[in-house]
Amino acid sequence: MVLEENITAIKGIGNKTAALLNKLGIYTKGDILRYFPRNYDKYSKIMPINTIKTGMMAVIFAMPVTVPILKQMGRKSILTCEVSDGSGTIELNWFNMPFMKAKLKKGVHMIFRGRVVKKGRFLQLVQPEILTEPEYYRKSEVLQPIYRLTKGVTSNLLRKSITEVLSEVTSKIEYLPKEIKQENSLISLKEALHEIHFPKSYTTLVDARRRLVFDEFFLFALAIDRLKGEREKFRNSTIIERKSTVVEFISNLPFSLTNAQLQVWKEIENDILGGFRMNRLIQGDVGSGKTILSILACLLMAENGYQSSVMVPTEVLARQHFESFFTMLEPLGIRVVLLTGSVKGRERKDILEKIEKHDADIIIGTHALIQEKVAYDNLALVITDEQHRFGVKQREKLANKGNEPHILVMSATPIPRTLAVILYGDLDISIVNELPADRLPIKNCVVDEDYRFTAYKFILDEVKKGNQAYIICPMVEKSEENDELADVISYTEELTELIGNRARIRYLHGKMKNDEKNEIMEDFASGRTDILISTTVVEVGVNVPNATVMMIENADRFGLASLHQLRGRIGRGSAQSYCIFMSGNTSKEAMERLKILNTSNDGFKIAEEDMKMRGSGDVFGIRQSGEMAFNLGDVIGDADILKLTSETVKCMSDKIKNECYYRGSNFYKNGFVYGEDIMTL
Ligand code: ADP
Ligand code: MG
């Protein structure tokens with residue numbers, strides 16, 4: 001089979017359908033093969049109504065006890081009906097599905113399957129599927145793959161096309177040597193591809209996932225290994241000496257550096273003054289004060305006549321960094337410029353010219369900076385703020401850039417050291433393991449719907465004191481598929497109706513244009529907005545010390561690492577901050593996870609606990625580690641596989657390493673391993 005062959009070679013896919021599939025990033029047969037289900041539907045056992053709990057996908061065998069009511073509201077409709085199974089009754093609710101009414105017959109038992117939510121004091125099943133008994137038994141036997149879809153692309157189309165491509169896959173696709181498969185108890189790649197799409201059972205799915213996660217981590221480990229080999233060669237080509245300006249700058253700061261900051265600064269300085277090029281990772285929890293360390297490093301460079309660049313993942317963050325750098329360094333005569341995608345035309349040309357002529361000492365911008373051709377006069381330091389993405393590709397690109405600059409990578413993901421040394425195996429690691437002393441620990445609480453109005457009142461009280469609040473929703477807009485999840489747009493409408501006369505409310509999400517996002521963020525940062533309702537876009541590094549409350553809706557739907565990152569947006573000033581985790585899901589597992597956050601503000605401790613709590617192979621689990629460059633693998637949840645791959649690479653000969661790397665990357669091409677720039681939400 002030819003993996004590079006265009007998808008139009010698949011039966012039933014013409015140019016029109018191909019264009020739709022392109023939107024999902026599917027261009028070739030190989031792409032569709034690697035388009036793994038994002039989840040599987042499994043039909044659980046039928047349960048009595050009086051045992052179901054909020055948050056679960058429940059299956060009940062019940063009969064309507066009321067006449068179904070269909071309410072029309074403009075273009076929207078709501079269908080409701082009460083059903084009973086002898087153990088209890090529950091209301092069923094369909095949004096914009098009026099045709100379901102005909103299926104509901106009073107007194108006739110049917111199987112209903114839907115998500116349980118709490119409405120006021122009662123439970124409800126939302127958008128339940130209606131099944132006959134034979135339908136249910138047939139479906140409950142197999143795991144149904146669920147794919148991410150787009151308009152015009154159905155699950156059926158994907159299933160059919162994937163089946164066809166799978167039938168062409170032969171065992172030649174394998175690239176791992178037999179010994180490695182045996183030692184690590186891995187199934188073949190061919191089998192894994194079959195089972196990930198169409199699992200025969202839960203056990204085979206777990207094996208398939210394990211094999212594919214192994215591949216991801218393995219190729220990643222090989223890439224790191226190569227980087228490491230390359231980097232060791234570079235000698236330090238800059239001539240730097242210590243400057244008294246830096247010492248004065250530190251003593252003139254409005255605060256004194258923490259011991260951890262001082263220690264890490266010493267490590268950075270030693271690198272820069274040493275014999276080899278710096279390749280250092282600074283890991284520090286949110287709010288530990290990493291920015292000032294990057295300012296110091298750039299200052300030292302500038303004082304020695306070298307340029308530095310600072311790259312961050314988003315425009316909003318680039319702007320904020322620019323302001324911090326500018327305010328602190330401009331008085332010393334250091335020239336800082338901002339270069340992002342929205343700087344255009346004449347202005348862009350001027351900035352590029354300044355960089356080339358060395359009329360700019362420090363260049364702050366988004367990662368686009370590395371993609372395009374920026375000519376520097378003498379770039380000697382590149383700082384990249386990774387937040388919580390592990391992008392080897394970016395590191396690779398940097399390593400190959402020009403004059404072998406020093407490299408400093410900042411990461412706000414507190415991951416256990418045992419994993420950090422693997423994921424950042426090509427870098428030396430420094431840890432800022434202390435928060436500034438003036439911080440009050442964030443007060444946390446985990447609550448359910450009953451607390452909602454108390455929470456709003458609490459937020460309004462904070463607003464009255466002149467503070468600000470974030471409210472985080474998992475979705476951008478209403479979605480039928482995830483009806484029970486809060487979305488930014490309707491949430492804002494509802495909250496504005498409720499308290500809009502007492503607080504200035506705005507919203508933010510990742511689908512907005514950059515200019516709009518910047519304007520909204522600046523409005524919030526300058527205090528002209530009191531409550532910002534947002535998706536996790538705010539997670540990425542924004543600094544508004546005046547924000548003292550964060551309320552997270554559907555908190556059980558986020559991974560622990562994401563929740564911790566989100567919470568890091570508050571507690572950045574000297575005032576007391578509060579985080580409210582709102583969760584309708586009161587299952588034991590959800591509560592246990594949230595309890596970890598409730599009782600600790602220490603990211604490293606949370607990551608350790610998280611790792612202990614989760615076994616691997618948790619196919620249906622929530623990705624704990626937020627957005628990462630891995631497709632299937634979860635650094636925390638699959639920590640044991642990650643360690644295994646790293647051990648495996650250590651024991652391999654260079655020849656086999658090379659072979660595996662080339663053949664493996666040939667199959668997993670187009671960044672499946674490293675992920676492209678995954679800036680969703
Ligand atoms: P992060 O590590 O999350 O990037 P920042 O560098 O944004 O954290 O720092 C958070 C806030 O703490 C900033 O407002 C910064 O000025 C302040 N800060 C940094 N170091 C100290 C310190 N030693 N004492 C007090 N405040 C500090
Ligand atoms: Mg930061």
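Read the numbers this way: they start at 1 and go in the same order the structure lists the ligands and their atoms.
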Proximity to ligand 1 by part of [X], non-hydrogen separation under 4.0 Å:
| X | answer |
| --- | --- |
| Ser256 | backbone |
| Gln261 | side chain |
| Arg439 | side chain |

Which atoms from ligand 1 have a heavy atom of [X] less than 4.0 Å away?
| X | result |
| --- | --- |
| Asn543 | 13 (C), 14 (O) |
| Val286 | 3 (O) |
| Thr291 | 4 (O), 5 (P), 6 (O), 7 (O) |
| Thr258 | 23 (N) |

* Under 3.5 Å, is there a donor-acceptor pair linking the side chains of Asp285 and His564? ->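 Yes, side-chain donor-acceptor contact under 3.5 Å.
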
Next on the checklist: Testing the 3.5 Å rule here: is there a donor-acceptor pair between the side chains of Asn444 and Asn601?
Outcome noted: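 Yes, side-chain donor-acceptor contact under 3.5 Å.
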
- Item | Heavy-atom neighbours of Tyr507 OH exceed 12 at 6.0 Å |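 No, because the 6.0 Å sphere around OH of Tyr507 holds 12 heavy atoms or fewer from other groups.
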
request  = Please say whether more than 12 non-hydrogen atoms of neighbouring residues, nucleotides or ligands are located less than 6.0 Å from NZ in Lys464.
outcome  =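 No, the 6.0 Å shell around NZ holds no more than 12 heavy atoms from other groups.
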
- Query: Can you name the side-chain hydrogen bond (donor to acceptor under 3.5 Å, both in side chains) partners of Ser294, sequence neighbours left out?
  - Reply: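 Checked Ser294 against side-chain hydrogen bond (donor to acceptor under 3.5 Å, both in side chains); zero matches.
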
Quick check: Phe255 and ligand 1, any N/O pair under 3.5 Å apart?
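N/O-N/O distance under 3.5 Å: no.
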
ask   = Non-hydrogen atoms of Gly284 versus ligand 1: any pair closer than 4.0 Å?
value =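 In this structure, Gly284 fails to qualify as a contact of ligand 1 - no heavy atom is under 4.0 Å.
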
_Close approach, Pro545 and ligand 1, non-hydrogen under 4.0 angstrom_ =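 No.
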
Using 30° and 60° as the class limits, which term best fits the ring planes of Tyr470 and Phe524: parallel, tilted or perpendicular?
->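 It falls in the tilted class, 30° to 60°.
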
Taking only residues two or more places apart in sequence, or in another chain, which ones meet Glu519 in a salt bridge (charged side-chain N to carboxylate O under 4.0 Å, His left out)?
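Counting only residues at least two positions away or on another chain, Glu519 forms a salt bridge (charged side-chain N to carboxylate O under 4.0 Å, His left out) with Arg506.
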
